[in-house]
Amino acid sequence: MYTISELSKEFELTTRTLRYYEELGMLRPKRTETGRRVYGKKEYAQLKIIMRGKKYGFSLVEIKDIVLLFDKDGTGIKQLEKTIETAGQKLNEINDRIKELDELKQDFEQVIKGFTETLCELKIKQAGGEINIENRFYDRER
């Protein structure tokens, strides 16, 4: 059994965070006669799931759904199915974001290449006379 202080130290969380998870219904610690929270193996395991979900970018709602499924299905099958479904959605989001970032990277590479060429041409022409810099930049955009 763990006190709220012990569990917060174990997971490097504040006690306020643990109380917040309790408010959300993600953790349900038992109470002593004096009203102090006591966390057992079940809550410890649930907190591990919460932390793993946060690490992988799951929302608290998604994590709560996964955590609470174990109460409905003690075999863990429903919990695993939900985790696989949610992780698959996250993977699709990551792949979409990677595609967007790759396109952005290519855009930046083209801009840098164009500006570098323009800079080199300007430096070369600077030694030999004037250049219409305004038209040179507009040509790059076309």
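- Atom-to-atom distance recorded for Leu7:CG and Leu13:CG is 8.0 Å, nearest 0.5 angstrom.
- In this structure a side-chain-to-backbone donor-acceptor pair under 3.5 Å is present from Ser8 to Ser5.
- In this structure a side-chain-to-backbone donor-acceptor pair under 3.5 Å is missing from Gln106 to Glu103.
- Side-chain atoms of Glu43 come within 3.5 Å of backbone N or O of Gly40 as a donor-acceptor pair.
- Atoms CD and CD, on Glu121 and Gln126 in that order, are 13.5 Å from each other to the nearest 0.5 Å.
- When hydrophobic side chains of Ile, Leu, Val, Met, Phe, Trp and Tyr are connected at separations under 4.5 Å, Leu119 ends up as a singleton with no cluster partners.
- Here ring pair (Phe, Tyr, Trp, His ring centres under 6.0 Å) pairs that include residues 17-36, with residues two or more places apart or in two chains, number zero.
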Handout entry: Ile4 vs Arg36, side-chain contact (heavy atoms from CB on, under 4.5 Å): CA-CA, chis, key distance, verdict
Key = CA-CA 8 Å; Ile4 193 168; Arg36 296 181 67 129; over 6 Å; no

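- Legend: residues meeting side chain to side chain donor-acceptor pair (under 3.5 Å) with Tyr56, ordered by chain and number and at least two apart, are absent.
- Applying the salt bridge (charged side-chain N to carboxylate O under 4.0 Å, His left out) test to pairs two or more places apart or on separate chains, those with a residue in residues 45-67 are Glu62-Lys90.
- Note: Glu10 CD to Met51 CE = 11.0 Å, rounded to the nearest 0.5 Å.
- In summary, Glu100 and Arg97 engage in a salt bridge, as defined by a charged side-chain N under 4.0 Å from a carboxylate O.
- Put simply, CD on Gln89 and CG on Leu91 are 11.0 Å apart, with the number rounded to the nearest 0.5 Å.
- The hydrophobic clustering, which links ILVMFWY residues whose side-chain heavy atoms are closer than 4.5 Å, places Ile49 and Leu69 apart.
- In this structure, NZ on Lys125 lies 8.0 Å from CG on Leu122, to the nearest 0.5 angstrom.
- Between the Thr116 side chain and the Ile112 main chain, a donor and an acceptor come within less than 3.5 Å of each other.
- A 4.5 Å side-chain heavy-atom check between Ile50 and Leu47 finds at least one atom pair inside the cut-off.
- With rounding to the nearest 0.5 Å, the separation of NZ in Lys78 from CD1 in Ile66 is 14.5 Å.
- Residues Arg31 and Arg37 have side chains in contact (heavy-atom distance under 4.5 Å, counting atoms from C-beta outward).
- No side-chain heavy atom of Phe11 sits under 4.5 Å from any side-chain heavy atom of Thr17.
- Summarising the local packing, CZ of Arg28 is surrounded by 12 or fewer heavy atoms from other residues, nucleotides or ligands at distances under 6.0 Å.
- Annotation: side chain of Leu68 is not in contact with side chain of Gln79 (no heavy-atom distance under 4.5 Å).
- Nearest heavy-atom pair, Thr83 versus Phe58, reported as atom, atom and distance to 0.1 Å: O-CZ, 4.5 Å.
- Remark: the backbone N or O of Leu27 is not paired with any side-chain donor or acceptor of Glu22 at under 3.5 angstrom.
- Applying the salt bridge (Lys or Arg N to Asp or Glu O under 4.0 Å) rule to Glu33 yields no partners; only residues at least two apart in sequence or on another chain are considered.
- Evaluation of the side chain to side chain donor-acceptor pair (under 3.5 Å) rule for Glu23 yields Arg16 as partners, not counting sequence neighbours.
- You'll find the side chain of Val38 stays beyond 4.5 Å of the side chain of Tyr2, heavy atoms only.
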